[in-house]
Amino acid sequence: IDPRFPPTYNNWGFLLLQQGKPAEAIRMSQRAAELAPQFAAAYNTWGLALLAQGKPEEAIAKYRKATELNPKYANSYNNWAAALTVQGKSGEAIPKCQTAIDLDPGNPLAYNNWAAALRAQGQYDEAIGKLQKAAELNPKFAATYNNSGPVLSSQGKHDEAIAKYKNAIEIDPKYAEAYEGRGTEL
């Protein structure tokens, strides 16, 4: 491993984040940003780690920096939208999702985040539409089906919600949130 190669630190940080170690992920992202202050991906990963620590405002600052460095970085807009939704600012999240989709129309996660923002606004039919688009883009993305469950449940469509949770579990048998959602519906 070349200790002067910023993507190494950023990727390491992302892996640490996936292992549930956001503090360590932040250290790796910071190191990547120190080595290459113009490396947008480092700020994006740093933001993800901050969001995992429950710090959406700090995460947004990192996503903002990433998009300033690279205005075409779709993932940062998408993650920014997720952080805004966590803050209860779904109206501000939707344009970020739209930007992410304009830059990367094949990203199902952007449609998932858009659906989360719509759900927060009580726009359930529109949320289902975005989730259906996400499923079209990637039928094996378990989060899409899991995220459909609460929307359908909010509409009183409990049997359909259970079916979506079941779809998520079939795709990813270790998806704890899907089991929890299905259990809530039963």
Side-chain angles (χ1 to χ4, degrees), residues 11 14-22 25 44-45 47-56 59-60 63 73-186:
N11 293 342
F14 190 76
L15 289 172
L16 287 165
L17 185 59
Q18 290 178 322
Q19 294 173 353
K21 301 175 182 177
N44 184 63
T45 303
L48 288 169
L50 288 165
L51 191 59
Q53 289 184 324
K55 301 174 182 175
I60 287 169
Y63 301 139
Y73 194 18
N75 284 340
S76 269
Y77 289 104
N78 184 46
N79 296 329
W80 190 346
L84 287 166
T85 300
V86 165
Q87 289 184 308
K89 299 177 181 177
S90 56
E92 294 177 43
I94 291 170
K96 301 295 181 209
C97 292
Q98 183 62 62
T99 300
I101 290 166
D102 289 346
L103 293 169
D104 182 7
N107 184 348
L109 188 54
Y111 286 97
N112 269 278
N113 286 335
W114 195 341
L118 290 166
R119 177 178 172 241
Q121 294 181 333
Q123 298 180 39
Y124 304 123
D125 290 335
E126 294 86 349
I128 290 295
K130 299 301 177 196
L131 291 163
Q132 287 171 339
K133 178 64 177 178
E136 288 171 20
L137 291 170
N138 185 351
K140 296 294 183 188
F141 189 47
T144 297
Y145 303 99
N146 184 66
N147 295 340
S148 297
V151 178
L152 292 163
S153 183
S154 295
Q155 294 178 307
K157 300 176 181 177
H158 301 288
D159 289 341
E160 290 179 49
I162 290 168
K164 293 297 181 182
Y165 289 124
K166 183 179 177 193
N167 292 140
I169 292 165
E170 288 170 355
I171 294 167
D172 182 358
K174 295 181 181 181
Y175 202 155
E177 289 178 31
Y179 286 101
E180 181 182 345
R182 186 180 71 174
T184 301
E185 293 296 328
L186 294 175

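By the 4.5 Å heavy-atom criterion applied to side chains, Asn79 and Leu51 are not counted as neighbours.
In this structure, CG in Leu109 is found 7.5 Å from CG in Asn75, a value given to the nearest 0.5 Å. Note that CD1 of Ile169 is 14.0 Å distant from OH of Tyr145, once rounded to the nearest 0.5 Å. One distance of note links NZ of Lys96 with OH of Tyr63; it measures 13.0 Å at 0.5 Å rounding.
Counting all heavy atoms, side chain and backbone alike, Ala143 lies closest to Tyr175 at CA-OH, 3.5 Å. In plain terms, the two heavy atoms of Pro105 and Tyr111 that are nearest each other are O-CE1, 3.7 Å.
Taking the side-chain hydrogen bond (donor to acceptor under 3.5 Å, both in side chains) definition, one finds that Thr144 meets it with Asn112, sequence neighbours left out. Residues passing the side chain to side chain contact (heavy atoms under 4.5 Å, CB included) test with Gln18 are Phe14, Leu15, sequence neighbours excluded. Scored by the side chain to side chain contact (heavy atoms under 4.5 Å, CB included) test, Lys157 finds Leu152, Gln155, Glu160 as partners (sequence neighbours excluded). Partners of Asp104 under the side chain to side chain contact (heavy atoms under 4.5 Å, CB included) rule, at least two apart in sequence or in another chain, are Ala74, Asn107. Every residue two or more places apart in sequence or in another chain that forms a side-chain hydrogen bond (donor to acceptor under 3.5 Å, both in side chains) with Ser76 is listed here: Asn44.
Sorted by first and then second residue, the side-chain hydrogen bond (donor to acceptor under 3.5 Å, both in side chains) pairs with a member in residues 177-186 read Ser153-Glu185, His158-Glu185; sequence neighbours excluded.
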